[in-house]
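Note that ligands are numbered from 1 as they come in the structure, with each ligand's atoms numbered from 1 the same way. Reckoned from all heavy atoms, side chains included, excluding hydrogens, waters and symmetry mates.
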Amino acid sequence: MAIERTISIIKPDAVAKNVIGQIYSRFEAAGLKVVAAKMKHLSRKEAEGFYAVHRERPFFNALVEFMISGPVMIQVLEGENAVLKNRELMGATNPKDAAPGTIRADFAESIDANAVHGSDSLENAAIEIAYFFAATEVSAR
Ligand code: IDP
């Protein structure tokens, strides 16, 4: 299986709940390695740019407001099948539908405040990594 890299963002609700370490433990237990990380309070412009694909969706403004409501923890995860593996660890977008034992089932309150973001494809992972990290900020393989 291919070694991939993906973006994970621990959203403001989970940072406020003080569960960064618990979420990192799940990445590590699943064989995903943190190869870059930064805590950031996103500007409105950064959040709007990151979620530009959702610009026309009715929840866009609420999503941006939420993502700038407090600091987020952004990391690049590396490992076999990292994109899908991270999505599996996250669980469904709406925590009510998320499988037991997933991050969203255990730490998220609602579809608006759903604890984590994860790239949904290898192509988007590359775009999202470049959005937040310079090449020199990501550990070499
Ligand atoms: P994902 O985060 O599981 O990949 P996306 O469909 O890419 O889900 O949506 C991005 C984010 O927008 C979600 O994580 C969630 O916070 C928010 N979102 C998606 N759909 C809705 C909705 O129907 N109402 C409110 N917020 C939503």
Side-chain angles (χ1 to χ4, degrees), residues 1-139 141:
M1 229 178 274
I3 301 292
E4 297 175 349
R5 285 178 168 175
T6 190
I7 276 280
S8 156
I9 302 178
I10 301 178
K11 294 184 178 185
D13 57 323
V15 172
K17 271 189 182 165
N18 204 20
V19 293
I20 293 172
Q22 291 188 59
I23 293 174
Y24 268 43
S25 293
R26 292 176 183 220
F27 298 148
E28 292 169 357
L32 295 175
K33 191 172 176 182
V34 176
V35 294
K38 61 176 74 165
M39 181 174 267
K40 233 181 148 181
H41 198 142
L42 299 180
S43 68
R44 183 175 299 276
K45 209 172 155 190
E46 281 174 318
E48 286 177 349
F50 184 73
Y51 280 119
V53 294
H54 293 308
R55 196 173 288 279
E56 304 305 325
R57 309 283 287 276
F59 57 82
F60 179 72
N61 286 338
L63 176 60
V64 169
E65 285 300 333
F66 169 64
M67 289 300 287
I68 65 174
S69 66
V72 296
M73 189 74 197
I74 311 167
Q75 42 282 325
V76 178
L77 305 177
E78 182 182 280
E80 280 186 4
N81 221 5
V83 172
L84 185 62
K85 208 177 257 183
N86 181 42
R87 297 288 304 186
E88 286 172 357
L89 292 173
M90 290 164 57
T93 306
N94 189 339
K96 290 187 181 69
D97 302 327
T102 59
I103 294 169
R104 282 169 166 165
D106 290 346
F107 300 120
E109 301 304 327
S110 67
I111 194 168
D112 305 277
N114 63 358
V116 278
H117 166 85
S119 311
D120 62 2
S121 67
L122 200 52
E123 188 188 3
N124 283 337
I127 294 168
E128 294 179 357
I129 291 169
Y131 192 81
F132 285 120
F133 293 93
T136 51
E137 292 179 305
V138 183
S139 299
R141 286 190 195 169

Contacts table for residues 59-70: side-chain donor-acceptor under 3.5 angstrom, sequence neighbours left out:
from	atom 1	to	atom 2	distance (Å)
E65	OE2	R44	NH1	2.8
E65	OE2	R44	NH2	3.1
S69	OG	F66	O	2.6

* Asked: Between Y51 and H117, how do the two ring planes meet: parallel, tilted or perpendicular, split at 30° and 60°?
  ->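 Correct class here is perpendicular.
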* Residues forming a side chain to side chain contact (heavy atoms under 4.5 Å, CB included) with K96, sequence neighbours excluded ->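 Checked K96 against side chain to side chain contact (heavy atoms under 4.5 Å, CB included); matches are N94.
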* Asked: Do the numbers put K38 on top of the ring of F133, so that NZ or CZ is under 6.0 Å from the six-membered ring centre and no more than 45° off the axis?
  ->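 Yes.
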* What residue pairs, at least two apart or across chains, pass salt bridge (Lys or Arg N to Asp or Glu O under 4.0 Å) with a residue in residues 121-132? ->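 As it turns out, there is no salt bridge (Lys or Arg N to Asp or Glu O under 4.0 Å) pair with a partner in residues 121-132 once direct neighbours are skipped.
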* To do: Among L77, N81, D120, I7, find the residue that satisfies the side chain to side chain contact (heavy atoms under 4.5 Å, CB included) test when tested with N86.
  =>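 Result: among L77, N81, D120, I7, L77 is the only option passing the side chain to side chain contact (heavy atoms under 4.5 Å, CB included) with N86.
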* Let me know which protein residues bring a heavy atom to under 4.0 Å of ligand 1; chain then number is fine for ordering. =>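 Contacts of ligand 1 under 4.0 Å: K11, H54, F59, L63, R87, T93, R104, I111, D112, N114.
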